[in-house]
There are 2 protein chains.
Amino acid sequence: MRADLEGFLSLDRVVHEPARLVILTVLAQAEEVEFRFLERVSGLTKGNLSSHISRLEEAGYLAVKKFFRGKLPATSLKITRSGRSALKGYREQLNRALQRRG
Amino acid sequence: MRADLEGFLSLDRVVHEPARLVILTVLAQAEEVEFRFLERVSGLTKGNLSSHISRLEEAGYLAVKKFFRGKLPATSLKITRSGRSALKGYREQLNRALQRRG
DNA sequence: TGCGATAGTTTGTTATACAGACTAGTCTGA
DNA sequence: TCAGACTAGTCTGTATAACAAACTATCGCA
């Protein structure tokens, strides 16, 4: 199969999902961020956001830290080295596939 | 919401699916193509390919023409103007969102 | 003590990607 | 001539997934 086509089909589906692209993009810039912040900036619903975070955590792309601010629980997210590299790889691969004519 | 994040979430999901990116990319280059050819070049299974074609047809992104070559049925696919512009728009939008830092 | 807010998770529904089974007919060779 | 293999797809079932609504648990305030 042609390399550009191959490129599309071998994209990392964990990263490929738009909602997760949003999360990873924010985290790649902000380094550390909280759930509420992400909820607001992404416009995703809590439930949806929560499950995407789990998915990214399972993939090892982000680290979740739970703590209490005063007496309220809070969740802090941080992109991992692996997550950063997955995003970078995804971007490069997609760019190559898209640019190679269209 | 920030414009780049918005950009991810408003991507055309019909185009966003890797298998369909493959199909559209091939069609954008080849102008007119047959099912069997697409099956080989994409590596997709018949069933899968068939359903993606239906999806793209419903979206108005490609035109399907059925005919007989000798006595065997054949299917010919052609990208529509709208399909071409959807692919172009998708590429531009994604590039903008991805490039705007990472 | 009861109501609304905060901070998420769990659950249920809906959609969709995918492959295998199936349809329909043609060609080939014993 | 008829059995088996091939062509060209479509249909169907399954497993995954995105998504939102409902729920859990706690806090703060009147």
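Distance alone, capped at 3.5 Å, places no donor-acceptor pair between the A:Thr75 side chain and the A:Lys66 backbone.
Whole-Å rounding puts the B:Ile53 CD1 to C:dC18 P distance at 14 Å. Atom-to-atom, CG of A:Leu21 to C1' of D:dA17 comes out at 16 Å; the value is rounded to the nearest Å. In this structure, the CG atom of B:Leu49 is 16 Å from the P atom of D:dT7, given to the nearest Å. Rounded to whole Å, the distance from NZ on B:Lys66 to C1' on C:dA24 is 13 Å. Rounded to a whole Å, the CZ atom of B:Arg13 is 14 Å from the C1' atom of C:dT14. A straight line from CD of B:Glu39 to C1' of D:dT10 spans 13 Å, rounded to a whole angstrom. B:Glu58 has its CD atom 11 Å from the P atom of C:dA17, to the nearest Å. The CZ-P distance, from A:Phe68 to D:dG28, rounds to 12 Å in whole Å.
A donor-acceptor pair shorter than 3.5 Å cannot be found between the side chains of B:Thr45 and B:Glu39.
Salt bridge present: B:Glu92 and B:Lys88 bring a charged side-chain N and a carboxylate O closer than 4.0 Å.
Comparing A:Phe35 and B:Asn48 by the nucleotide of DNA chain C that holds the closest heavy atom to each, the one mapping nearer the 5' end is A:Phe35. Nearer the 5' end of DNA chain D, as judged by each residue's closest nucleotide, is the contact made by A:Ser51, out of A:Ser51 and A:Leu72. Each of A:Leu44 and B:Arg69 lies near DNA chain D, and the nucleotide nearest B:Arg69 is the one positioned closer to the 5' end.
Of the candidates C:dA17, D:dT10, D:dA17, the closest approach to any side-chain atom of A:Arg55 belongs to D:dA17.
For A:Ser50, no side-chain nitrogen or oxygen approaches OP1 or OP2 of C:dG8 to under 4.0 Å. Applying the 4.0 Å criterion to OP1 and OP2 of D:dC19, one finds that A:His52 has a side-chain N or O inside that range. Between A:Thr75 and the phosphate of C:dG8, there is a side-chain N or O to OP1/OP2 separation shorter than 4.0 Å. Put simply, A:Lys71 has no side-chain N or O that comes within less than 4.0 Å of OP1 or OP2 on C:dA5. Phosphate proximity of C:dC18 to B:Arg20: absent, as no side-chain N or O sits under 4.0 Å from OP1 or OP2. Between B:Arg36 and D:dT7 there is no side-chain polar atom (N or O) within less than 4.0 angstrom of OP1 or OP2.
With B:Ser76 as the fixed residue, the side-chain hydrogen bond (donor to acceptor under 3.5 Å, both in side chains) test singles out one of B:Arg69, B:Lys65, B:Glu34, B:Glu32: B:Glu32.
If you check every strand for non-hydrogen atoms under 4.0 Å, B:Lys46 touches a base. Using a 4.0 Å heavy-atom cutoff across all strands shown, B:Glu17 reaches sugar-phosphate atoms only and no base atom.
Atoms CZ and CG, from B:Arg20 and B:Leu27 in turn, are 13.5 Å apart once rounded to the nearest 0.5 Å.
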